[in-house]
K.L.:
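This is the structure I have questions about; it appears just below.
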Amino acid sequence: MSKVHLIASGKGGTGKTMFAVNYGATLALQGHSVVIIDMDLGMRNLDLYCGLENNVVYDVFDVLTGVCRIKQALIRDRRFEELYVMAAPPAKDDGTLTPLHMKVLCSRLRQMFDYIIIDAPSGMDDGLVLAAAGADDCIIVTTPEYSSLRDADTLDRELSALGMEKRYLVLNRVVAEMMAAGYVPRLRDITTMLRPVLAGVIQQDENIHISTNLGVPIVMKSDTYIRKNFDKIVNRIENAK
């Protein structure tokens, strides 16, 4: 049965889109058919992170408003067997879209793909409600700073109010030495502060920053600790009951 994952964050700058791209790429490398949708309307970045910015003709707004068919907006990443991207529009929604539009799109995509990854806009507004409408669960991406953690907690409460029962937490840009020294909250403190299940920790690594700028998912490089880490995060979430 197909699954729809919402990738969200309480604030910008947490690495949410990087995570969405590499989560989807990891699933594709594991042999699944995957589509990643950029729902950060007006702030298109997903196509850049995948190096597919020159391939965008139609976007998710065109699909949701009936301008084009789903297949016309799907951009295939030919570096993978079955990984597709659907870009966001360059302008924000003018109020045309409703959560029902998103539910219908996800329902149709479930018939085409094993996994649908939705890259939500940062923060908590109508864009989050729209993006979350067709999702089965949510992965909240945050960093180990108090402001980011507080925003993640507020986001978690908002998602709970929307009826999202399964919620997971991924801690990004972790510097172990700073955490050990007490300069940032420790893991035990974070898991006490936040209710979602901790699915994984991603260390601060300049190679991740380089890969996003080059438009190459970092998990494409096999036999690295980052690839193995993403495999573990994916397996924890996909095998969770």
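Here, residue 1 is the first one in the sequence, and each next residue gets the next number.
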K.L.:
Can you list every salt bridge (Lys or Arg N to Asp or Glu O under 4.0 Å) pair that touches residues 172-197, not counting sequence neighbours?
P.N.:
Asp156-Arg195
K.L.:
For Tyr23, enumerate each residue passing the ring-ring contact (aromatic ring centres under 6.0 Å, His included) test, keeping only those at least two apart in sequence or located in another chain.
P.N.:
His5, Phe19
K.L.:
Could you give all pairs that pass the side-chain hydrogen bond (donor to acceptor under 3.5 Å, both in side chains) test and reach residues 97-124, with sequence neighbours left out?
P.N.:
Ser9-Ser122, Lys16-Asp119, Thr17-Asp119, Ser33-Asp114, Thr98-His101, Arg110-Asp136, Tyr115-Glu238
K.L.:
Got a list of side-chain donor-acceptor pairs under 3.5 Å for residues 39-55, not counting sequence neighbours?
P.N.:
from  : atom 1 : to    : atom 2 : distance (Å)
Arg44 : NE     : Ala88 : O      : 2.6
Arg44 : NH2    : Ala88 : O      : 2.9
Asn45 : ND2    : Met43 : O      : 3.4

K.L.:
Considering residues at least two apart in sequence or located in another chain, which fulfil the side-chain contact (heavy atoms from CB on, under 4.5 Å) criterion with Met193?
P.N.:
Tyr146, Leu149
K.L.:
Could you walk me through whether Thr142 and Ser148 pass side chain to side chain donor-acceptor pair (under 3.5 Å), step by step?
P.N.:
CA-CA 6 Å; Thr142 187; Ser148 183; 2.7 Å; yes
K.L.:
Applying ring-ring contact (aromatic ring centres under 6.0 Å, His included), can you list everything that pairs with Tyr168, at least two apart in sequence or on another chain?
P.N.:
none
K.L.:
Could you please spell out the steps behind the salt bridge (Lys or Arg N to Asp or Glu O under 4.0 Å) verdict for Asp153 and Arg157?
P.N.:
CA-CA 6 Å; Asp153 183 52; Arg157 295 175 188 277; 3.1 Å; yes
K.L.:
Could you name each residue pair satisfying ring-ring contact (aromatic ring centres under 6.0 Å, His included) that touches residues 172-218, not counting sequence neighbours?
P.N.:
none
K.L.:
Of all residues at least two apart in sequence or in a different chain, which pass the side-chain contact (heavy atoms from CB on, under 4.5 Å) check with Arg150?
P.N.:
none
K.L.:
Of all residues at least two apart in sequence or in a different chain, which pass the side-chain contact (heavy atoms from CB on, under 4.5 Å) check with Asp126?
P.N.:
none
K.L.:
To the nearest 0.5 Å, what is the distance between CD1 (Ile7) and CD1 (Ile36)?
P.N.:
9.0 Å
K.L.:
List in chain and number order the residues that pass side-chain contact (heavy atoms from CB on, under 4.5 Å) with Thr154, two or more places apart in sequence or in another chain; answer none if no residue qualifies.
P.N.:
Met124
K.L.:
Can you list, pair by pair, the side-chain donor-acceptor contacts under 3.5 Å of residues 158-166, counting residues two or more places apart and other chains?
P.N.:
none

K.L.:
State whether the side chain of Ser2 and the backbone N or O of Phe113 hold a donor-acceptor pair below 3.5 Å, judged by distance alone.
P.N.:
yes
K.L.:
Would you say the side chain of Pro89 lies within less than 4.5 Å of the side chain of Asp62, judging by non-hydrogen atoms?
P.N.:
no
K.L.:
Taking only residues at least two apart or on different chains, which pairs with a member in residues 77-90 satisfy salt bridge (Lys or Arg N to Asp or Glu O under 4.0 Å)?
P.N.:
Asp77-Arg79
